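First the structure, in the form of structure tokens, and then the observations on it.
Just so it is clear, the structure is predicted and the values come from calculations on it, not from any experiment. Below, chains carry the letters A, B, ... as their sequence lines are ordered, and counting in each starts from 1.
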Protein chains: 2
Amino acid sequence: MAQVKNTYQFEDLLEKHQLKKTGARLRVLSMMYAKNTATSQPDLESVMHDIDRVTLYRILNVFEEKGIIHKVFDLNGTANYAVCSSGCHEHHHHDEHLHFNCTACKGVFCLNELSLPAINLPEGFQASGFTLYASGLCPKCNKMQ
Amino acid sequence: MAQVKNTYQFEDLLEKHQLKKTGARLRVLSMMYAKNTATSQPDLESVMHDIDRVTLYRILNVFEEKGIIHKVFDLNGTANYAVCSSGCHEHHHHDEHLHFNCTACKGVFCLNELSLPAINLPEGFQASGFTLYASGLCPKCNKMQ
DNA sequence: TAGTAAATGCAATCGTGTTGCATTAGTGTT
DNA sequence: AACACTAATGCAACACGATTGCATTTACTA
Ligand SMILES: [Mn+2]
Ligand SMILES: [Mn+2]
Ligand SMILES: [Zn+2]
Ligand SMILES: [Zn+2]
């Protein structure tokens with residue numbers, strides 16, 4: 001299950017990153033921390049009708065800059081966001097784990113427990129980051145066939 | 001370098017997949033086979049002004065269905081396409097290699113020579129495909145700093 | 001060469017991403 | 001508690017890739 005926190009902890013989180021404590025930001029945080037899958041902006045919009053989509057867009061952007069969440073693309077190429085596990089700082093992410101895209105429920109899962117094996121790139125290529133994607137069926141969809 | 005072919009071989013390729021031999025399709029094939037990086041639809045449009053965008057869109061789609069090319073997303077989430085190395089068939093791709101996104105020139109490289117190490121997924125997850133992404137500098141951009 | 005299905009072109013729409021600017025609201029200070 | 005200042009929000013507008021419907025044209029086949 002995801003790492004559930006309460007409102008006070010979210011306020012502390014915002015304060016730590018020198019972000020003003022607004023209702024929209026707290027609601028986005030509580031939604032993202034409650035889920036065990038990544039969240040797209042359309043996901044947020046479908047729930048928070050009263051918040052402008054540009055506001056949500058900017059909240060996601062600033063959270064990513066601050067190292068609170070990280071971006072991962074789903075099978076359609078749309079951005080999804082998930083809370084960073086640990087060790088992520090402003091403009092410095094360490095989310096090199098496996099991202100599982102469920103082809104049935106479209107859920108995007110961060111499998112933090114799986115670290116990536118070392119990769120030897122061909123001569124000349126210089127990598128700054130890796131991401132491993134897998135697609136298939138998540139546990140829930142797998143059971144339902 | 002990429003696998004260059006001539007027009008007759010492209011015609012054979014189309015015939016093999018029961019696709020009509022049209023000028024647009026042959027031109028798309030020759031462009032994609034001549035490059036060593038993946039090609040986006042905007043790439044094609046910038047060269048083939050006389051072909052309608054929707055036609056290009058449908059050509060890319062049918063080529064992917066037939067297992068001639070495979071789709072890979074760049075850092076912006078836009079679809080790029082690259083010719084399949086081998087073993088890909090209709091609705092059945094085997095392009096489990098590393099995809100390198102150059103942050104400078106935006107090129108997307110298929111590093112076929114790098115096969116992926118075996119991955120053990122957590123209980124319940126059933127994967128049908130893997131893709132490893134790396135971002136950084138390609139050889140050319142690396143030299144130019 | 002005529003008939004048929006496939007492929008194309010065009011117009012239109014959708015969805016996500018992005019910017020500018022005026023207004024509002026959070027925060028530290030008086 | 002009121003003030004001032006800056007950050008955050010809402011709204012309008014735009015960018016651009018993705019996607020569909022439909023009429024027309026083209027490639028193949030009989
Ligand atoms: Mn992740
Ligand atoms: Mn590839
Ligand atoms: Zn699922
Ligand atoms: Zn490059």
Between its two end axes (five pairs each) the helix from C:dT1-D:dA30 to C:dT30-D:dA1 turns, nearest 10 degrees, through 30°
Residues 9-26 of chain A vs salt bridge (Lys or Arg N to Asp or Glu O under 4.0 Å), sequence neighbours excluded, gives A:E15-A:K21
For A:F100, the hydrophobic cluster (side chain heavy atoms closer than 4.5 Å, chained through members) also holds A:L98, A:F109, A:L111, A:L114, A:L116, A:I119, A:L121, A:F125, A:F130, A:L132, B:L98, B:F100, B:F109, B:L111, B:L114, B:L116, B:I119, B:L121, B:F125, B:F130, B:L132
Quick note, ring pair (Phe, Tyr, Trp, His ring centres under 6.0 Å) partners involving residues 9-28 of chain A, not counting sequence neighbours, are A:F10-A:Y33
Grouping ILVMFWY residues whenever side-chain heavy atoms fall under 4.5 Å, the cluster of B:Y8 otherwise contains none
For nucleotides 21-30 of chain D, 5' to 3', base contacts (B), sugar-phosphate-only contacts (S) and non-contacts (-) with protein non-hydrogen atoms under 4.0 Å give B-----BS--
Residue pairs passing the salt bridge (Lys or Arg N to Asp or Glu O under 4.0 Å) test with at least one member in residues 49-65 of chain B, sequence neighbours excluded, are B:R27-B:D50
Grouping ILVMFWY residues whenever side-chain heavy atoms fall under 4.5 Å, the cluster of A:L137 otherwise contains none
Q. If only side-chain N and O atoms of A:Y57 are considered, is one of them under 4.0 Å from the OP1 or OP2 phosphate oxygen of C:dT18?
A. yes
So salt bridge (Lys or Arg N to Asp or Glu O under 4.0 Å) across residues 106-135 of chain A, not counting sequence neighbours, yields none
Contact check, residues 60-83 of chain A vs DNA chain D, heavy-atom distance under 4.0 Å, returns none
Does a sphere of radius 6.0 Å around NE2 in B:H89 hold more than 12 heavy atoms from other residues, nucleotides or ligands, not counting ones at 6.0 Å or beyond?
no
So ring pair (Phe, Tyr, Trp, His ring centres under 6.0 Å) across residues 46-69 of chain B, not counting sequence neighbours, yields none
Show me the side-chain donor-acceptor pairs of residues 67-85 of chain A shorter than 3.5 Å, one per line, residues at least two apart or across chains.
residue, atom, partner, partner atom, Å
A:H70, ND1, A:A82, O, 3.2
A:H70, ND1, A:D95, OD1, 3.3
A:H70, NE2, A:H97, NE2, 3.4
A:H70, NE2, A:H99, NE2, 3.4
A:D74, OD1, A:N76, N, 2.9
A:D74, OD1, A:G77, N, 3.2
A:D74, OD1, A:T78, N, 3.0
A:D74, OD1, A:T78, OG1, 2.8
A:D74, OD2, A:T78, OG1, 2.6

